[in-house]
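A quick write-up on the structure given underneath.
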Amino acid sequence: MDFDAFFQDSLARLKSEGNYRVFADIERRKGAFPCATRHHEDGESEVTVWCSNDYLGMGQHPVVLEAMHEALERCGAGAGGTRNISGTNHYHVLLERELADLHGKEAALLFTSGYVSNWATLGTLASRIPGCIVLSDALNHASMIEGIRHSRAQKHVFAHNDPADLDRRLSQLDPDAPKLVAFESVYSMDGDIAPIAEICDVAERHGAMTYLDEVHGVGLYGPRGGGIAEREGLMDRITVIEGTLGKAYGVMGGYIAGSAAMCDFVRSFSSGFIFTTALPPAVAAGACAAVRYLKTSQMERERQRRNVRLVRARLAGIGIPTLDNPSHIVPVMVGDPVKCKRISDWLMATHGIYVQPINYPTVPKGTERLRITPSPVHSDGDIDRLIAALSEIWSECALHRNYNVA
Ligand SMILES: *Cc1c(COP(=O)(O)O)cnc(C)c1O
């Protein structure tokens with residue numbers, strides 16, 4: 001077989017569909033975020049990032065950087081091993097305590113990323129609990145789907161954010177079989193929020209455990225940044241809360257929080273936890289500082305909310321269609337992969353505005369969009385420039401405007 005010809009053919013097909021991914025080569029500048037330097041064929045230019053998951057700008061926060069510098073000086077670069085074989089650094093232990101406290105749980109367990117935490121935990125629980133049946137929301141993240149698949153457990157997909165459908169499906173199963181309901185709080189592409197209380201009601205009625213991905217909620221919602229479940233007073237009803245340290249907390253890593261026995265079980269049986277080098281101590285220290293800081297500081301969350309409201313209102317004012325939702329994610333709907341990419345390229349080339357196009361398979365075909373994430377560090381001037389540029393390109397491409405929304 002001509003392997004390279006196969007690879008090239010596959011890529012050519014992706015390109016012709018408009019779904020080929022091109023990475024922007026950017027250099028984030030500490031203290032200047034959302035400004036970054038972009039490297040391209042013709043040299044360098046300055047861009048404003050409007051699509052980052054560093055939702056609160058914690059990636060450049062002095063409290064976080066100071067903690068990382070200090071840990072780097074004290075401990076050096078890497079952890080030096082897996083958690084079991086010399087890699088458990090004191091900073092990991094402190095961070096796990098901080099996370100357990102954040103969610104009001106007995107324990108927490110760290111992973112190298114949110115992806116790994118979902119994949120490893122769901123893979124372990126669903127395969128090791130004898131006869132476990134998984135009920136999975138239709139729009140769950142790829143990391144949860146892969147974890148469930150890896151477990152080889154029986155899986156039923158319930159309609160997105162639909163407790164009645166979940167109830168129906170659970171009712172058809174053996175009442176004595178152990179069951180796990182896996183879902184998210186804030187869904188990252190549409191920005192809609194799950195009816196967590198109703199899903200817990202249904203799960204409890206059927207004796208199922210609950211697994212909640214709060215990746216887009218932690219740091220941002222709840223009085224201490226514990227997520228949507230904290231805001232709604234529901235953390236004690238969730239068996240496993242999963243989160244990331246790479247988005248609102250601005251660093252890297254993933255975790256689960258729950259009972260001491262559950263965390264110890266995953267710690268003891270999960271291949272994706274056991275057989276990999278622990279996070280660098282400085283990363284754990286930075287994440288720990290970010291989590292601790294956002295337990296008390298409301299300033300970043302308040303300013304983010306203000307900017308989200310402002311961007312939404314300004315877009316509505318000029319009739320640019322956004323998906324209405326109760327979160328911090330502002331999806332500007334384009335509905336065509338080629339146009340979506342072209343708009344994104346034009347924003348970057350002519351205005352130094354960086355919004356990555358979101359195409360299939362991340363979102364369904366026909367719902368291609370620009371996913372805008374206003375942060376507390378975007379200025380009013382940044383917002384003015386974004387709105388003016390979008391208005392210009394909307395006219396130029398003769399895209400649909402929706403004045404009813406305003
Ligand atoms: C980004 C994301 C993850 C993975 O988290 P990382 O820390 O980036 O690996 C998990 N779940 C959802 C819903 C996500 O959007």
Side-chain angles (χ1 to χ4, degrees), residues 21 23 28 51-56 58-59 64 92 95-96 99 102-103 108-123 125 134 136-150 157 160-161 181-194 196 199 210-221 225 227-229 238 240-257 266 270 272-273 276-280 283-284 286-288 290-291 294 323 325 327-331 356 358-359 361-364 369 371-373:
R21 291 162 190 235
F23 298 159
R28 277 155 57 93
C51 55
S52 176
N53 282 338
D54 184 1
Y55 291 130
L56 300 177
M58 292 306 287
V64 175
H92 299 127
L95 176 53
E96 285 173 340
L99 291 165
L102 175 68
H103 295 292
L109 192 67
L110 266 177
F111 296 81
T112 17
S113 73
Y115 187 103
V116 173
S117 65
N118 272 334
W119 178 81
T121 305
L122 285 167
L125 293 177
V134 181
S136 176
D137 185 283
L139 292 190
N140 273 346
H141 189 257
S143 55
M144 299 167 88
I145 296 170
E146 290 297 336
I148 297 162
R149 198 204 315 263
H150 179 74
V157 174
H160 176 56
N161 279 350
V181 176
F183 62 117
E184 302 180 21
S185 60
V186 180
Y187 285 82
S188 74
M189 291 302 147
D190 288 352
D192 55 338
I193 295 178
I196 300 175
I199 289 175
T210 45
Y211 184 104
L212 178 62
D213 175 319
E214 281 263 34
V215 160
H216 296 277
V218 290
L220 303 173
Y221 300 90
I228 301 289
I238 307 290
V240 186
I241 297 179
E242 182 272 344
T244 184
L245 303 164
K247 290 173 183 171
Y249 291 123
V251 191
M252 189 182 181
Y255 66 90
I256 55 166
V266 176
S270 168
F273 174 83
T276 189
T277 300
L279 285 171
V283 168
C288 195
V291 173
L294 285 174
L323 206 61
N325 68 49
S327 76
H328 59 283
I329 293 158
V330 185
Q356 189 71 22
I358 309 283
N359 288 352
T362 308
V363 296
R369 64 196 69 183
R371 177 182 180 272
I372 295 175
T373 51

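Note: hydrogens, waters and symmetry copies are ignored here, and every other heavy atom, side chains too, is used. In this text the structure is predicted, and so the values were computed from the model without any measurement. Whatever order the structure lists ligands and atoms in, that order sets their numbers, starting from 1.
One side chain, Arg21 or Thr362, offers a donor N or O that lies under 3.5 Å from an acceptor on the other.
Between His328 and Tyr221, the two ring planes are tilted [angle within 30° to 60°]. Between Tyr187 and His160, the ring planes lie perpendicular to each other; the angle is over 60°, past the 30° to 60° tilted range.
When each of Val291, Leu95, Leu245, Thr121 is paired with Tyr255, the side-chain contact (heavy atoms from CB on, under 4.5 Å) condition holds for Leu245 and for no other.
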Starting from the N and O atoms of ligand 1, collect every protein N/O partner closer than 3.5 Å and put each pair on its own line with the distance to 0.1 Å.
residue, atom, partner, partner atom, Å
ligand 1, 7 (O), Gly114, N, 2.8
ligand 1, 7 (O), Thr244, OG1, 2.6
ligand 1, 9 (O), Gly114, N, 3.1
ligand 1, 9 (O), Tyr115, N, 2.8
ligand 1, 11 (N), Asp213, OD2, 2.7
ligand 1, 15 (O), His216, NE2, 2.5
ligand 1, 15 (O), Lys247, NZ, 2.9

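Summarising the geometry, atom NE2 belonging to His103 is positioned 11.0 Å from atom CD1 belonging to Ile238; distances are rounded to the nearest 0.5 Å. Remark: Cys288 SG to Leu99 CG distance equals 7.5 Å, nearest 0.5 Å.
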